[in-house]
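The sequence lines fix the lettering, A, B, ..., with proteins before strands; numbering per chain opens at 1.
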Amino acid sequence: MSDVADRVKKIVVEHLGVEEDKVTENASFIDDLGADSLDTVELVMAFEEEFGCEIPDDAAEKILTVKDAIDFIEKADS
Amino acid sequence: MRRVVVTGIGAVTPLASGAQNTWQKLLNSQSGIKSIDTFDVSDIPAKIAGLVPRGEGDGLFNAQDHVSIKDMKKMDDFIVYGVAAADQALEDSGWKPETDEDQEATGVLIGSGIGGLPKISESTELVNNGKTRRVSPFFIPSCLINLVSGQVSIKHGLKGPNHAVVTACSTGAHAVGDASRMIMLGDADVMVAGGAEAAVCRLGMAGFAAARALSTGYNDTPTEASRPWDEGRDGFVMGEGAGCVVLEEYEHAKARGAKIYAEVAGYGMSGDAYHITAPAEDGNGGFRSMRNAIRNAGLNPEDVDYVNAHGTSTPLGDEIELGAVKRLFGDHAQKMSMSSTKSATGHLLGAAGAIEAVFSILAIHEGVVPPTLNLRNPSEACTGIDLVPLEAKQRKVNVALSNSFGFGGTNASLVFKAV
């Protein structure tokens, strides 16, 4: 697993207070991990902080799963 | 009118977490006031406060016993304290509404004087430093005063009236009084009512210090700083925490075999129409609020055994209240007891009236009146009344009156009666 994936999952575990093994790549923040719309806003802010990037609102709206987040950040990084 | 009784109590105070834990320390003449070591006070003249003792173990406050880590960031501390005190009061009452009908008959009315000042302060700093994108989506709901009531209702499924009071230092008393009226008028059968406050932060301390309201002469001896009616008093000491009661319609409580602490017998209110921070010099506002509460209870001043005073330890306020009490009670003042528990807890602002309601209820229930700490040299006006100096006193209390007066000239008095 990539370094980005590890860090994304760690943030999700901390911010949503969920078990680590539930945070699979295909897990949806809202449907599988119990987040509400405000939780997802905060999660995106945490990603921005951790990876020093800016995630515009229209891109943030498309980040629905753990994999979406990893893909966006890896793309932004490269 | 329907009768209202108290069937559950909860408190998170600078003395302890838990109403009974707090009460025992209060009766043992312990103080919850200490040096502030959680933030810089080097440039603030008042350097002490009544801080909730945190940790794990009996009597210590552990936020995670009440709020999950995930939810913690959605609440500033005043909400966490309020949720905790409500949890305690509901558990104590044994009332767990599960049917739609019971949930809809149970409401929440918990207020706060100030709300989420620490979070407002932190978030302002972000905005002023160009970090607007770092402002949490939970910032607003973590600060709003009615979110104590909101969070408590969500946690326990309470679907009746959901309300909040904001009347500075009268908040807790107004909340209990207003909630009791909602039950009397049939809006609810059960209400979780109280006040919560956590404004001990740099901004809060600086603000009250600027208003010249705080004690500054006892920074090296914090437990001696809150000394209502004592010659050496020099201002109030900030405190934090929350108090909650479960109020219930009398027949409803009886039918389920609930433990009944006392009856909410009377509630009185008044406005000073005088000054934004100072009480009217003749004590007329406090006088009328006490008189109205006693009249509302259908009692006479002679029926009152114990007064839990507003008594904040300010040079002006303490004697004005005392004067109003003497005027209202006349000769009977010599026969009753009056104390200020702020001497031990500090002034919990919007939560003060709620924890002091709890103390008044316990005075009735347990037949003991809590002490006024540090009252070693009573000022001249204090003759002819028992201010319960230094040590708690056993005495039968049939009727207790609790006073709360707030900035803006808002006054509330509650009368509790043995059932």
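- Other residues, nucleotides and ligands contribute at most 12 non-hydrogen atoms within 6.0 Å of the NZ atom of A:Lys67.
- Within the 4.5 angstrom heavy-atom criterion, only backbone atoms of A:Ile55 (N, CA, C, O) approach chain B.
- At most 12 non-hydrogen atoms from other residues, nucleotides or ligands lie less than 6.0 angstrom from CG of B:Asp58.
- Checked against ring pair (Phe, Tyr, Trp, His ring centres under 6.0 Å), B:Phe208 has the following partners two or more places apart in sequence or in another chain: B:Phe236.
- Scanning residues 112-138 of chain B against chain A with a 4.5 Å non-hydrogen threshold yields B:Arg133, B:Arg134, B:Val135, B:Ser136, B:Pro137, B:Phe138, sorted by number.
- The interface of residues 75-108 of chain B with chain A, defined by heavy-atom distances below 4.5 Å, is empty.
- Scored by the side chain to side chain donor-acceptor pair (under 3.5 Å) test, A:Glu42 finds A:His15, B:Lys73 as partners (sequence neighbours excluded).
- Shown here is A:Leu38, whose CG atom has more than 12 heavy atoms of other residues, nucleotides or ligands within 6.0 Å.
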